[in-house]
Amino acid sequence: MSQPSNRPPLGVFPPPVTIPPLSAPHNHTIIFLHGRGSNARKFHGPLLAAPAAAASSSAAASLRAALPHARFVFPTAPLMRAAKYRRCVIHQWYEGTGDWEPESRGEMRPGVEHLRGVLRDEVARVGGEARRVVLAGISQGCAMALTSLLLWEGDALGAVVGMCGYMPLASSLMAVFDEDDGKQHPDGEGDGIVFGSGTDSDDIFEKDSVQDARSPLERAINELREEVEIEPVQSTQPFPFLSTPVFMGHGTEDKKVEYQHGQHAAKLLERMGISVDFHTYPGLGHWYAPEMLGHVVEFLNRNLDMS
């Protein structure tokens, strides 16, 4: 008789790993998302124990010691059958990666909705102050963190941290802004409207007026929401993510998520109006390093005073 498996069912989110602050009081919470194929149990220990090199000191405390008043929360992605790996079962936040694999991207809604719940719980733990909550991720976890930031509907989060990651739909979303630039500065004469297309002219103007009623940012966010299968935004109020600073770090020798994809994600976020602090690490592959973690600590202390 076969032994029962301890593996959770496919598609189920296991309980997160939670690490209390080293020192009272609990001022902030950092929610950190692992990469594809990993899980919170394997990921959290080495990360928290890793040295975070400070630029102002030769000594390097561990990441946890450098942020003593932070509670760390490590969710685990559900088990799914990954098309990229011949449908083997692995932990992943959604199916697929980025624009370089457009044929395998989907099932993002469960992850976004799960993280919304985690965010709401942690905001409640810090007295309802969303500014005291940080969302972070590595690799595909970075992609899910950035997506969740752009789709977050609560008060603005304190910060987002992405390491060796990317932004899903980056090229498509950037094209929305490029298209708008083309309309504002069309080549040639006129307003860029082509007549004689075989379509009723009233319909052309009607479609243009509806499209122009939304800003490029609104159109881009609605395209992302459509991809995630979430209802489009109806409100014209400012998006909360516009006041959330983002840190991104990427190694030049990353073979799994090439450096250019991290750069492209940062440029897209800046185009959206987000403040992005992008750091390049020559010679670093697809992982973090003491210098990167040191820069993360400096970024968080500068923006949130987490010391």
Side-chain angles (χ1 to χ4, degrees), residues 15-35 38-57 59-77 114-139 141-142 144-146 148-149 152 154-165 240-241 243-249 275-277 279 287-307:
V17 173
T18 58
I19 307 296
L22 273 177
S23 304
H26 167 208
N27 290 336
H28 297 85
T29 292
I30 301 175
I31 302 167
F32 222 120
L33 310 182
H34 63 78
S38 185
N39 59 56
R41 179 181 54 80
K42 294 190 295 186
F43 176 65
H44 83 280
L47 175 69
L48 293 181
S56 59
S57 173
S62 69
L63 179 63
R64 188 184 182 198
L67 300 168
H69 300 292
R71 162 183 161 95
F72 285 86
V73 177
F74 294 88
T76 290
H114 177 74
L115 291 176
R116 281 180 171 179
V118 175
L119 284 165
R120 285 192 294 265
D121 290 346
E122 294 306 318
V123 169
R125 283 179 176 271
V126 290
E129 298 181 41
R131 288 286 186 191
R132 293 165 61 186
V133 175
V134 176
L135 183 58
I138 187 171
S139 193
C142 169
M144 182 54 71
L146 295 178
S148 297
L149 167 69
W152 173 242
D155 293 337
L157 301 175
V160 167
V161 172
M163 303 191 304
C164 49
F241 60 73
S243 58
T244 298
V246 173
F247 172 95
M248 292 191 70
S275 174
V276 181
D277 191 355
H279 287 253
W287 203 234
Y288 51 82
E291 184 183 9
M292 183 190 293
L293 296 181
H295 288 154
V296 169
V297 171
E298 291 172 357
F299 167 82
L300 293 177
N301 283 331
R302 183 170 65 252
N303 287 281
L304 301 177
D305 188 20
M306 298 185 66
S307 57

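Only a predicted model underlies this, so the values are computations on that prediction, with no experimental measurement involved. Hydrogens, waters and symmetry mates play no part in the numbers below; they use all other heavy atoms, side chains included.
- The structure places CZ of Arg132 at 12.5 Å from CZ of Arg71, a figure rounded to the nearest 0.5 Å.
- Counting all heavy atoms, side chain and backbone alike, Cys142 lies closest to Gly162 at SG-CA, 3.5 Å.
- Between Leu48 and Ser62 the shortest side-chain heavy-atom distance does not fall below 4.5 Å.
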Could you walk me through whether His28 and Leu67 pass the side-chain contact (heavy atoms from CB on, under 4.5 Å) test, one step at a time?
-> CA-CA 9 Å; His28 297 85; Leu67 300 168; over 6 Å; no

Under the side-chain contact (heavy atoms from CB on, under 4.5 Å) rule, what do Leu47 and Leu293 come out as? Steps first, then yes or no, please.
-> CA-CA 9 Å; Leu47 175 69; Leu293 296 181; 4.1 Å; yes

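- Considering NE2 of His295 and CE of Met163, their distance stands at 13.5 Å, rounded to 0.5 Å.
- Smallest separation of non-hydrogen atoms from Ala61 and Ala66: CB-N, 4.3 Å.
- Side-chain contact check for Arg125 versus Val133: every heavy-atom pair is 4.5 Å or farther apart.
- Residues Pro16 and Val118 have side chains not in contact (no heavy-atom distance under 4.5 Å, counting atoms from C-beta outward).
- The two residues Thr244 and Gly158 make their nearest non-hydrogen contact at CG2-C, 4.2 Å.
- A distance of 11.5 Å separates CG in Leu157 from OG1 in Thr29, rounded to the nearest 0.5 Å.
- Side chains of His279 and Glu291 form no contact here, defined as non-hydrogen atoms less than 4.5 Å apart.
- Aromatic rings from His34 and Phe74 are positioned such that their centres are separated by 6.0 Å or more.
- Counting heavy atoms from C-beta outward, Leu115 and Leu33 have side chains that approach closer than 4.5 Å.
- Considering Val134, Leu63, Ile19 as possible partners of Ile30, the one that fulfils the side chain to side chain contact (heavy atoms under 4.5 Å, CB included) test is Val134.
- Taking all atoms of both residues into account, the shortest heavy-atom contact from Phe299 to Ala159 is CE2-CB, 3.8 Å.
- Using a 4.5 Å heavy-atom cutoff, the side chains of Asn303 and Phe247 are not in contact.
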Working for side-chain contact (heavy atoms from CB on, under 4.5 Å), residues Thr76 and Arg41 = CA-CA 8 Å; Thr76 290; Arg41 179 181 54 80; over 6 Å; no

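- Leu146 places a side-chain heavy atom less than 4.5 Å from the side chain of Val246.
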Could you check Val161 against Leu300 for side-chain contact (heavy atoms from CB on, under 4.5 Å), going step by step and ending with a plain yes or no?
-> CA-CA 9 Å; Val161 172; Leu300 293 177; 4.2 Å; yes

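- Scanning all heavy atoms of the two residues, the minimum distance from His69 to Met306 falls at CD2-O, 4.5 Å.
- Listed here is the closest heavy atom pair of Tyr288 and Ile138: CD2-CD1, 4.0 Å.
- A 4.5 Å side-chain heavy-atom check between Asp155 and Arg131 finds every atom pair outside the cut-off.
- For the atom pair CZ (Phe241) and OG (Ser148), the distance works out to 13.0 Å, reported to the nearest 0.5 Å.
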